[in-house]
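Some notes on the structure that comes next.
Every chain is numbered from 1, with letters handed out A, B, ... down the list of sequences.
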2 protein chains.
Amino acid sequence: MKLSRGVEWATHSCTVLAALPEERELSAEALAEFYELPSAYLAKQLQALRRAGIVQSSRGKGGGYRLGRPANMISLLDIVRAIEGPEPAFRCSEIRQNGPCALKKADCKRPCEIAAAFGKAEQVFRNALAAQTLDSLISEFVGNASPAHLMDMAGWIREKSG
Amino acid sequence: MKLSRGVEWATHSCTVLAALPEERELSAEALAEFYELPSAYLAKQLQALRRAGIVQSSRGKGGGYRLGRPANMISLLDIVRAIEGPEPAFRCSEIRQNGPCALKKADCKRPCEIAAAFGKAEQVFRNALAAQTLDSLISEFVGNASPAHLMDMAGWIREKSG
DNA sequence: GAGAAACTACTCGGATATCCATTGTCCGAGTTTACCTGG
DNA sequence: CCAGGTAAACTCGGACAATGGATATCCGAGTAGTTTCTC
């Protein structure tokens with residue numbers, strides 16, 4: 001079980017977008033430069049975020065990306081679902097209906113106990129992700145970072161979003 | 001994020017092995033037949049379980065697999081770790097140390113806030129998996145299944161483990 | 001007839017191919033801006 | 001000097017390759033039971 005690399009990139013990118021001044025935007029190119037990422041591939045992730053409504057985009061010269069809603073309305077679960085898709089991690093293929101002791105389909109109204117067990121754990125995981133917002137992440141980051149570094153970041157962002 | 005198909009197979013297989021009479025074993029071939037799975041690939045998963053100590057094996061005619069410890073000492077987390085490996089799902093590549101506003105390595109004693117957030121959710125997930133034992137799964141299954149089906153299974157297992 | 005050695009049948013175990021999702025890249029679509037031209 | 005049109009530059013967006021891990025398979029390694037040969 002592993003999360004796509006894109007999840008990491010998308011989350012970091014969202015924290016940068018959250019620091020944008022109002023009515024400003026950052027291009028995929030600029031975001032990629034900020035973390036030294038391959039810009040074309042990062043763009044792919046940003047498109048997924050856009051389809052999920054997490055970011056908005058505008059084309060043309062001076063265009064780019066901005067957050068689609070306030071940072072306190074964006075959870076880690078939103079980002080994971082946008083990048084990885086909504087399918088559950090554990091996929092039950094109903095092998096209990098196979099083999100010499102196969103269960104009849106009529107006896108399978110209840111979900112498979114094993115699938116249910118994994119589903120329960122997965123729900124707990126999703127809840128834990130949903131409880132953490134982009135906003136709270138940024139607050140932690142700001143609390144830990146040095147003032148000099150924050151100024152550095154703000155300056156770069158302002159320059160690139162001009 | 002998705003769990004390997006092998007996790008499903010391994011868990012089902014463990015529940016069957018738990019139903020074995022003392023001092024009996026089931027071959028990979030028999031287990032595969034029970035669920036109509038490709039035996040060679042299931043064998044691969046069983047090897048992973050063996051390396052983790054969840055099952056034991058013996059070679060030669062009449063050989064096969066049996067549980068390595070009581071079913072109440074085997075959790076879903078044990079099985080997932082055996083099949084998927086111990087690496088965390090979220091891999092932090094420290095991109096905060098890249099780019100024009102890179103953090104110096106000395107400033108990275110604290111883990112990245114984003115990695116920490118995902119790590120926290122993942123820990124919750126692991127706890128939820130660790131709390132569910134093979135034993136409790138089987139109890140649920142037995143509670144839900146029809147007596148006829150249980151007899152059917154027990155008969156087949158006794159026959160194949162002879 | 002008894003014992004030992006060799007043989008055979010059966011099973012695990014690791015090395016080896018194949019396939020698909022993730023990763024990575026490219027070029028066309030669309031929009032803004034700036035410049036150029038004519039009035 | 002101003003307005004409109006046109007072209008260029010810049011950005012997103014979806015279609016197109018490459019790579020790595022999951023999936024699937026095979027054959028050698030090892031063991032127990034059986035058979036056979038010899039004493």
Does a nitrogen or oxygen in the side chain of A:Ser57 sit under 4.0 Å from OP1 or OP2 of D:dG13?
yes
How is A:Ala28 classified with respect to the nucleic acid when contacts are heavy atoms under 4.0 Å: base, sugar-phosphate, or nothing?
sugar-phosphate
Take the protein atom CG of B:Leu42 and the nucleotide atom P of D:dT25, then report the distance between them rounded to whole Å.
12 Å
B:Glu29 CD to C:dA9 P, in whole Å, measures 17 Å
Within a strict 4.5 Å, meaning less than it, do heavy atoms of the B:Arg69 and B:Asp78 side chains meet?
yes
Would you mind telling me which of D:dG28, C:dT23, C:dG14 lies closest to the side-chain atoms of A:Arg5?
C:dT23
Closest of C:dC26, D:dG21, C:dG24 to the A:Ala40 side chain is C:dC26
Sorted by position of nearest nucleotide on DNA chain D, 5' first, the leading residue of B:Ser39 and A:Lys61 is A:Lys61
Closest non-hydrogen atoms of B:Ile83 and B:Gly6, given as atom of the first, atom of the second and distance, are CG2-C, 4.2 Å
With the side chain of B:Tyr41 defined as its heavy atoms from C-beta on, choose the nearest nucleotide among C:dT23, D:dG13, D:dT23.
D:dT23
For C:dG14 and B:Arg51 - does any side-chain N or O of the residue sit under 4.0 Å from the phosphate oxygens OP1/OP2?
yes
Which nucleotide in the set C:dG13, D:dG13, C:dG14 lies at the smallest distance from any side-chain heavy atom of B:Arg59?
C:dG13
In this structure, how many angstroms lie between the C1' atom of C:dC10 and the CG atom of B:Leu26, rounded?
15 Å
May I ask you to test the B:Phe141-B:Leu150 pair for a side-chain heavy-atom distance under 4.5 Å?
yes
Nearest-angstrom distance from the residue atom CZ of B:Arg66 to P of C:dT11
15 Å
Between atom CG in B:Leu49 and atom P in C:dG14, what is the gap in whole Å?
13 Å
Look at the side chain of B:Glu140 and the backbone N and O of A:Glu113, then say whether any donor-acceptor pair between them is shorter than 3.5 Å.
no
Is any side-chain heavy atom of B:Arg5 closer than 4.5 Å to one of A:Arg91?
yes
Counting side-chain heavy atoms from CB outward, which of D:dT23, D:dT25, D:dG30 is closest to B:Ser4?
D:dT23
Nucleotide D:dT23, atom P - distance to CD of B:Gln45 in whole Å:
7 Å
Looking only at the side chain of B:Tyr65 (C-beta and beyond, no hydrogens), which of the listed nucleotides D:dA24, D:dC12, C:dG13 gets closest?
C:dG13
Comparing nearest nucleotides in DNA chain D, the 5'-proximal residue of the pair A:Gln47, A:Gly63 is A:Gly63
Mapping A:Gly62 and A:Pro38 onto DNA chain C by nearest heavy atom, which one lands closer to the 5' end?
A:Pro38
Check the phosphate of D:dG14 against A:Arg50, side-chain N and O only, distance under 4.0 Å to OP1 or OP2. Yes or no?
yes
Is any side-chain heavy atom of B:Lys105 less than 4.5 Å from a side-chain heavy atom of B:Glu94?
no
Is there, by distance only and without an angle test, a donor paired with an acceptor across the side chain of A:Lys44 and the base of C:dG24 below 3.5 Å?
yes
Rounded to whole Å, CD1 of A:Ile83 lies from P of C:dG24 at a distance of 14 Å
Nucleotide C:dT11, atom C1' - distance to CD of B:Glu25 in whole Å
10 Å
